[in-house]
Amino acid sequence: MATQCKEYNFLEIEPHWQSFWEENHTARAEQTSSKPKYYVLDMFPYPSGAGLHIGHPEGYTATDIIARYKRAKGFNVLHPIGWDAFGLPAEQHAVKTGTHPASNTQNNIVNFKRQIKALGFSYDWDREIDTTDPKYFRWTQWIFLQLFKRGLAYVDERPVWWCPELRTVLANEEVTDGKSEVGGFPVERRNLRQWVLRITAYAERLLADLKAVDWPDSTKRMQEAWIGRSEGAEILFKLEREALGPLKIFTTRPDTLFGCTYMVLAPEHPLVNALTTSEQKAAIEDYRKKSAGKSDLERTDLAKDKSGVCSGAFAINPINGARVPIWVADYVLMGYGTGAIMAVPAHDERDYEFAVKYALPVIQVIEPTDHSANCAGTSKLPYVGDGNLVHSDGYTGLPWADTKSKITADLAARGVASATINYKLRDWLFSRQRYWGEPFPIVWVNAADYARAAAARPGDVPSAPVTYTSEGVTHYALPLPPTALPLELPSVETYLPSGNGESPLANVTPWLELWFDVETGAAVPASESRPVGHAWVRARRETNTMPQWAGSCWYYLRFTDPTNAATFASPEALKYWGVPDLYVGGAEHAVLHLLYARFWHKVLFDLGVVPQVEPFTKLFHQGIILGEDGEKMSKSRGNVVSPDTIIASHGTDTLRLYLMFLGPLEAMKPWSMQQIEGVHRFLHKIWRECLTIDGEMSPKISTDAAFADAPELTKLLHETIKKVGDDIEGMRFNTAISSMMIFANALQKAPRASRATVLTFLQLLAPFAPHFAEELWARLGGGDAKSSIQATPWPAFDPAKLAVTEVKLVFQVNGKHRGDQLVPTGLPQADAVALAQANPKVAPHLEGKSVVRIIYVPGKILNLVVA
RNA sequence: GCCCGGGUGGCGAAAUGGUAGACGCAUGGGACUUAAAAUCCCCUGACCGUAAGGUCGUGCCGGUUCGAGUCCGGCCCCGGGCACCA
């Protein structure tokens with residue numbers, strides 16, 4: 001049932017159809033169906049207090065067009081939305097106001113939902129999920145337990161940002177230029193006990209499986225670079241004082257071993273103290289202190305200016321017995337390789353710079369093969385190009401690439417080297433000292449209690465216990481039984497951090513200090529008397545919570561079966577829906593979210609609970625929409641465009657069309673208030689072609705079955721069907737809209753048009769401007785009062801109608817356009833040449849010249865090369 | 001520094017190696033109107049020319065090709081990512 005409005009009153013039409021869709025569940029995905037499935041997913045939003053930004057509807061409109069198109073193509077479409085609702089802003093708000101972050105989060109969700117619904121997206125709201133809902137995060141915790149028992153989670157002392165003024169730990173994104181984002185207080189590195197996930201165990205697969213996914217190349221490259229695989233060798237250098245044991249270094253260039261003139265240890269290297277000579281002790285100690293005080297930022301910022309101190313110790317080069325000095329310098333990082341390198345200044349820019357600064361010797365061991373590239377015959381150092389070895393006894397003359405493995409093998413035979421692969425990827429710091437996150441389903445117990453528990457529940461614990469030692473006591477991490485999940489957050493009196501680096505949960509003694517039943521996971525506060533039963537032990541809960549990434553690591557799986565209380569998603573749902581066929585979201589998640597989710601997915605695959613190796617087979621990044629001034633939209637610049645404003649002034653159908661018409665989806669493009677009028681007029685124009693000013697069907701639309709459209713209009717309709725379909729499949733929404741504009745212009749010029757043609761056109765428009773299309777469809781009698789344009793199958797084009805009998809052939813002379821003419825398709829070359837020679841515009845250019853070559857592309861071009 | 005992406009009218013943009021600028025915006029002119037809005041029609045890359053027409057033109061310089069926005073080499077500028085990873 002349509003509205004009664006006479007003019008195009010989007011303020012009436014849009015809410016009307018939104019309630020129609022809601023009442024009729026037009027977007028509901030059937031949990032079981034004989035139809036083929038199509039799963040199209042948006043990166044779900046963090047419901048911030050600021051509400052929806054214009055960038056959200058950009059990607060969401062694209063996926064909505066695809067969802068509606070695929071439904072019309074006969075697919076059972078899963079198009080869900082939810083809330084990535086744990087996060088820092090809610091916690092900061094809670095600290096400020098004292099209200100529970102959950103209530104603020106729920107308010108924001110209500111607002112987001114209102115805004116998203118006003119945009120008319122065909123989400124299946126029955127599948128809405130919220131990562132802060134215990135029914136959801138129960139399974140986030142469950143997945144953590146799976147990681148835990150497979151030995152993929154451990155605890156470690158890790159440096160984190162600590163702000164003494166705020167008495168809290170800050171996340172990386174809360175720190176800029178060594179100051180806290182809030183208040184601008186200085187921050188420092190502090191070692192705190194953290195949970196870490198062993199993502200590095202999956203480095204090789206995360207890298208290799210990138211080949212199998214349909215992702216933007218740039219995103220794949222970013223992940224490749226992030227994983228940072230490099231092949232090389234670990235080589236043992238004896239120390240001059242052999243008692244200290246060998247020094248292990250990592251290098252990718254074993255072939256340059258003869259060029260090693262000094263060694264460098266990272267300041268944190270465990271051998272530094274032992275090998276430093278007494279004369280150098282003070283200098284080294286001083287240097288270590290200085291570099292420890294440097295933040296990571298400073299250490300990289302000062303990259304240009306290398307510094308270091310000589311340790312006074314020497315190592316012996318295993319290839320030639322050379323005695324090389326050992327330096328300590330912070331350009332070598334403890335976190336990569338072995339934290340120690342052999343320096344080959346002749347063939348490494350960093351080593352060269354350092355050697356020049358401290359006047360260390362430089363020995364060239366690679367010589368370019370291509371001497372012409374080095375005019376004087378001497379190569380400029382440092383030289384990192386291709387070449388053959390020199391000054392390398394037993395290897396001189398060999399190409400460097402071959403020597404790499406040869407030297408490694410030769411040293412390996414002597415037991416002093418091994419071929420090694422290193423990754424830049426680090427294990428994932430998975431804990432936050434926060435309240436508003438998923439609590440870890442872990443309690444800490446003593447050794448004896450752990451042993452008993454592990455014996456009772458052997459399937460739940462890792463082969464090696466996870467422990468940490470504090471003040472001489474070793475604590476054992478005991479997981480809650482899966483049946484005891486979810487572990488919910490206790491209510492707290494204050495959201496202020498505890499002040500000692502622990503989360504606010506550390507202050508909730510009744511929740512924290514427990515009598516714990518190791519078999520059932522039941523708990524009572526330790527202040528009460530020990531319950532009766534042999535399984536009760538003293539325990540302290542883990543006070544860290546999980547980072548925001550956790551909930552978003554697996555939400556795409558939950559959408560396939562969002563209310564399942566027995567498992568995170570049933571095997572049937574996972575088999576039918578599988579993983580998203582298309583995943584759309586911002587490129588800012590190119591590395592972290594997408595890498596973390598891939599990691600979890602692979603773990604679940606290894607567990608045998610998901611059937612696919614990769615979670616996101618096809619990925620697309622929408623571009624950023626800039627403000628009208630061409631700058632990034634921001635409150636401070638005052639160039640922010642709110643969807644609410646545009647919906648009120650132009651309607652969501654216009655907004656959706658405009659967002660798609662702006663340019664290619666992936667491009668960065670500026671918003672323009674002037675240009676939006678163009679698509680708004682386009683809709684008005686169609687409205688006027690369909691309806692009279694009284695809102696009745698226009699007399700130019702013929703309902704007479706005997707009426708036939710002009711052949712040109714029919715042909716254009718079929719061209720438009722093809723173009724719009726192809727462009728939606730290729731995500732070229734801007735050109736799809738252009739072609740619909742061309743059709744609308746033709747429709748306007750046609751004196752009459754059949755209703756069938758107009759209805760077909762409305763079907764093409766429906767995914768883009770769904771409310772508008774529904775309204776006109778209903779008014780033109782496209783179906784009965786209860787039908788929806790969305791329920792009709794996508795129009796098919798008739799290839800016969802696309803056939804052309806005449807084409808414009810372009811005549812060129814020496815590659816220059818000189819004329820053109822309509823010719824029948826399939827015109828033989830001789831006829832084409834004759835036509836060209838006879839063409840009054842072409843003929844003068846041929847006069848007095850002879851044709852030496854003819855290039856004929858039938859239906860396109862005839863190029864006469866003359867001399 | 002390294003790795004990506006991109007530079008096309010006044011603007012957003014379009015173009016399987018085959019008429020550069022589709023579609024839209026803006027500007028100008030016209031129609032309708034008492035007038036305005038809305039709508040419709042026409043022009044609109046630059047230069048020369050009354051016109052017909054011609055010359056030039058896709059960041060810059062070269063190359064391949066009958067023909068280059070598109071392919072190749074070098075450079076400049078803008079945007080993004082990484083950044084002492086041995």
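Chain letters run A, B, ... following the sequence lines, proteins first, then strands; residues in each count from 1. Here the structure is a predicted model, which is why all the values come from computation and not from measurement.
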For B:A14, does OP1 or OP2 lie under 4.0 Å from any side-chain N or O of A:Asn734?
yes

Look at the side chain of A:Gln674 and decide which nucleotide, out of B:C66, B:C25, B:G12, has an atom nearest to it.
B:C25

B:A14, OP1 or OP2 - any side-chain N/O from A:Arg732 closer than 4.0 Å?
no

Nearest-neighbour nucleotide for the A:Asn863 side chain, B:C3, B:C23, B:G67 considered:
B:G67

Angle class for the A:Phe772/A:Trp687 ring planes (parallel below 30°, perpendicular above 60°, tilted otherwise)?
tilted

Under 4.0 Å from OP1 or OP2 of B:G81: is there any side-chain N or O of A:Ser218 that close?
no

Check whether any side-chain nitrogen or oxygen of A:Lys749 sits under 4.0 Å from OP1 or OP2 of B:C41, and answer yes or no.
yes

Between A:Thr256 and A:His347, is the side-chain hydrogen bond (donor to acceptor under 3.5 Å, both in side chains) condition met? List the steps.
CA-CA 8 Å; A:Thr256 62; A:His347 305 291; over 6 Å; no

Does A:Pro216 reach a base, just sugar-phosphate, or nothing at all? Heavy atoms under 4.0 Å.
nothing

Any side-chain N or O of A:Gln748 below 4.0 angstrom from OP1/OP2 of B:C40?
yes

Which of these passes side chain to side chain contact (heavy atoms under 4.5 Å, CB included) with A:Met633: A:Leu626, A:Ile625, A:Ile624?
A:Ile625

Contact class for A:Ser230 vs. all strands (heavy atom < 4.0 Å): base, sugar-phosphate, or nothing?
sugar-phosphate

Name the nucleic acid region contacted by A:Asp217, choosing base, sugar-phosphate or nothing; use a 4.0 angstrom heavy-atom cut-off, strictly under.
nothing

Spacing of the P atoms in B:A36 and B:C32 (rounded, Å):
12 Å

Looking only at side chains, do A:Tyr287 and A:Ser307 share a donor and an acceptor under 3.5 Å apart?
yes

Has A:Arg853 got a side-chain N or O lying under 4.0 Å from the OP1 or OP2 atom of B:C66?
yes

For A:Arg818 and B:G54, is the shortest distance between a side-chain N/O and OP1 or OP2 below 4.0 Å?
yes

Is the distance from OP1 or OP2 of B:G54 to the nearest side-chain N or O of A:His817 less than 4.0 Å?
no

Within the 3.5 Å criterion, strictly below it, is a donor on A:Thr200 or A:Asp427 matched to an acceptor on the partner's side chain?
yes

Reckon A:Lys841 has a side-chain N or O less than 4.0 Å from the OP1 or OP2 of B:G53?
yes

Is B:G9 syn or is it anti, if syn means the base angle is within 90 degrees of 0?
syn

